[in-house]
Amino acid sequence: MIPIHYQFDTFRGERVHLGVCGSVAAYKALDLTRALVQLEIQTSVTLTEAATHFVTPMAFRALGATVATASLDLANPFAHLEPGALARAVAVVPASANCLAKMAHGLADDLLSTQLLATPGPILVAPAMNPRMWNAPATQANVAILQTRGVRCIGPDPGPVACGEIGYGRLAPVEELFLEILRLLAPQDLAGQRILVTLGPTREYFDPARFWSNPSTGTMGACLAVAAALRGAEVTAVHGPIALSLPRMVRTIPVTSAQEMFAAAMDLFPAMNMALCTAAVADFRPPRQAGKYHKDGQPLTLTFTPNPDILASMGKAKTAHQRLLGFAAETEGLETAACTKLGRKNADLMAANPIGGAETGFASPTNRMVVVDRTGRQETWPTLPKTEIAWRLLTWLASL
Ligand code: C5P
C-alpha cells in the first residue's frame, strides 16, 4: 500500500513501461504495477521468459497493465519500439544480472532487451539477485557502464536473500522504486535548491514517562518534502515523533522537543534556499523533573515556559535569496490569520487551514486553504489532497 504522502495526482495519464526479469522478487513488480495504476499512470509491462516462471502475465493484466512477454509478438511487429517512443520512463524491476549485462553491451535477443536498446531514456534499473552474482566484477562493471550512460540504479539492498545467503541482493523497497519512477516523470524545476522542512509534533516531557504534545501526524510536511525531492530539490526534514515513513530521497533529522527542533533547524537554515515550516511546534514547555510524578490526590501545577518560534527566527535571519513558507492552523478567521502571521513571522508565503473539520487539519489526507504571499496575492483553495496542496505551494514559493 503506497502511503498517502506519495500519491501525487499530478502524474495521472503519464505512461510508464516496466520490464520484469526472472527473480524471486518478480512478485514485487505486481505491487509496483498496482501503485502506478492506482495513480492512473498508464502502465505497460514486458516479462522475460524467465520472469513468467515466477509471475504470470495474467496477474499484471488483472491489475490494469498492458502486457507483453518473452520473444516476438506476432500481432504487433513494432512492440520492441513502443516503450522507447511512448513511455515517459522505463523501469526494469527486478533487473537480473543477465539483463544488466545485455543492456551494458547492447544485446537485443528478446523483447525486453530489444525494447531497452530502443529506449533513449530515462531508464531505471532495480537489481535483485544472489549477492555473489551482484558482487561479481562483471556485474559491477556492467552497472558502472550503465550509470555512465545515465541509467539510474536503485539498490540492491542488503539483507537475507531467497537462497539463504546474506548480502547485497534484495530488491529495493517498492515504495522507493515507485517514488524514483515518479521522480523520472516530474519536472526538475527545483534542481539545485536546498530545502528544509520542519514537520510533525514536538514532545515536551515533564517527567521520564509523560509529555505535552499535539495530534500532528506530519502529513502536510511529508507531502512537501516528497514533492520537493521529486522535483529535484535536495531536501532535509527535521521532524518530531511521527509514524509515517519518509523516503530515502529525503534526508531526515529526528528530534523530540521544540528546543531540539529549533537548534537543528536554525543550524541548517543558513545553507538553505527555502524553509517550509509545517511542524506543529509546542508553543510552551513544562519544567522537566528527573523522577516520575506520583499521584497524591492533589492537582499537579506546572508553569510552562514559551518555546522559541522557529519560523519567526528564520524570518528575522533570512537573506534576500531565501524563501519561507509558514502555516496557520486556525479555528476561525483564516484570511486575517494568514495575513497577520505572514507579516509577524516575515514569511514569503503563508497557508492557513481550518482545524476541527473532518476534511482538514491534523491527520487528514486533505485540507482547505487560504494562501497569501508577501506581494499581497491571495487565493482560496477548496478541499484538496495534501499532495496537491504541496505541489501548488512549491510552485508558488519558487515563483516569488
Ligand atoms: O504562531 P503559530 O504557532 O500559529 O504559527 C504557526 C507557524 O509557525 C507554522 O508554520 C509553524 O511551523 C511555525 N512555528 C514554529 N515554531 C514555533 C511555533 C510555530 O516554527 N514555536
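No experiment lies behind these values; they were computed from the predicted model shown. The figures here come from the full heavy-atom set of this structure, side chains too, leaving out hydrogens, waters and symmetry mates. Counting starts at 1 for both ligands and their atoms, following the listed order.
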Margin query: Working to the nearest 0.5 angstrom, can you tell me the gap between Gln378 CD and Cys339 SG?
Written below: 5.0 Å
Check: Roughly how far, to the nearest 0.5 Å, is the OG atom of Ser44 from the NE2 atom of His17?
Finding: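 Here the interatomic distance stands at 5.0 Å.
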Does the N or O separation between [X] and ligand 1 drop below 3.5 Å for any pair?
X	answer
Leu311	yes
Phe327	yes
Arg344	no
Lys345	yes
Ala279	yes

Could you tell me the residue and atom name of the protein heavy atom closest to [atom], and the distance to it rounded to 0.1 Å?
atom	answer
atom 16 (N) of ligand 1	Ile310 N, 2.9 Å
atom 4 (O) of ligand 1	Lys341 NZ, 2.3 Å
atom 14 (N) of ligand 1	Asp309 OD1, 3.8 Å

All N/O donor-acceptor pairs, side-chain side in residues 263-279, below 3.5 Å, sequence neighbours left out:
unit_1: Asn273; atom_1: OD1; unit_2: Arg194; atom_2: N; d: 2.7
unit_1: Thr278; atom_1: OG1; unit_2: Thr198; atom_2: O; d: 2.5

Next item on the list: Over 60° means perpendicular and under 30° means parallel, so classify the ring planes of Phe206 and Tyr293, tilted if in between.
Entry: tilted
At less than 4.0 angstrom from any non-hydrogen atom of [X], what atoms of ligand 1 do you find?
X	answer
Asp283	3 (O), 18 (C)
Cys277	9 (C), 10 (O), 11 (C), 12 (O)
Gly326	10 (O)
Val281	15 (C), 16 (N), 17 (C), 18 (C), 21 (N)

Note to self: Does any part of the side chain of Leu116, heavy atoms only, come nearer than 4.5 Å to the side chain of Val90, both counted from C-beta?
What the structure shows: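 Yes, close enough: below the 4.5 Å cut-off.
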Notebook entry, point to check: Non-hydrogen atoms of Pro308 versus ligand 1: any pair closer than 4.0 Å?
Noted result: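 Yes, Pro308 has heavy atoms under 4.0 Å from ligand 1.
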Notebook entry, point to check: Is Asn307 near ligand 1, meaning one of its heavy atoms is under 4.0 Å from it?
Noted result: no
Note to self: Please say yes or no: joined through hydrophobic side-chain contacts below 4.5 Å, possibly via intermediate residues, are Leu311 and Val281 part of one cluster?
What the structure shows: yes
Item checked: Phe8: ring-ring contact (aromatic ring centres under 6.0 Å, His included) partners, not counting sequence neighbours -> Trp391
Notebook entry, point to check: Quick one: does NZ or CZ of Arg170 land under 6.0 Å from the six-membered ring centre of Trp134, within 45 degrees of the ring axis?
Noted result: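 No - Arg170 does not lie over the ring of Trp134 by the 6.0 Å and 45° rule.
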Checklist line | Ring-face cation contact, Trp212 with Arg285, 6.0 Å cut, 45° max | finding: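 Judged by the rule, Arg285 and Trp212 form no cation-pi pair.
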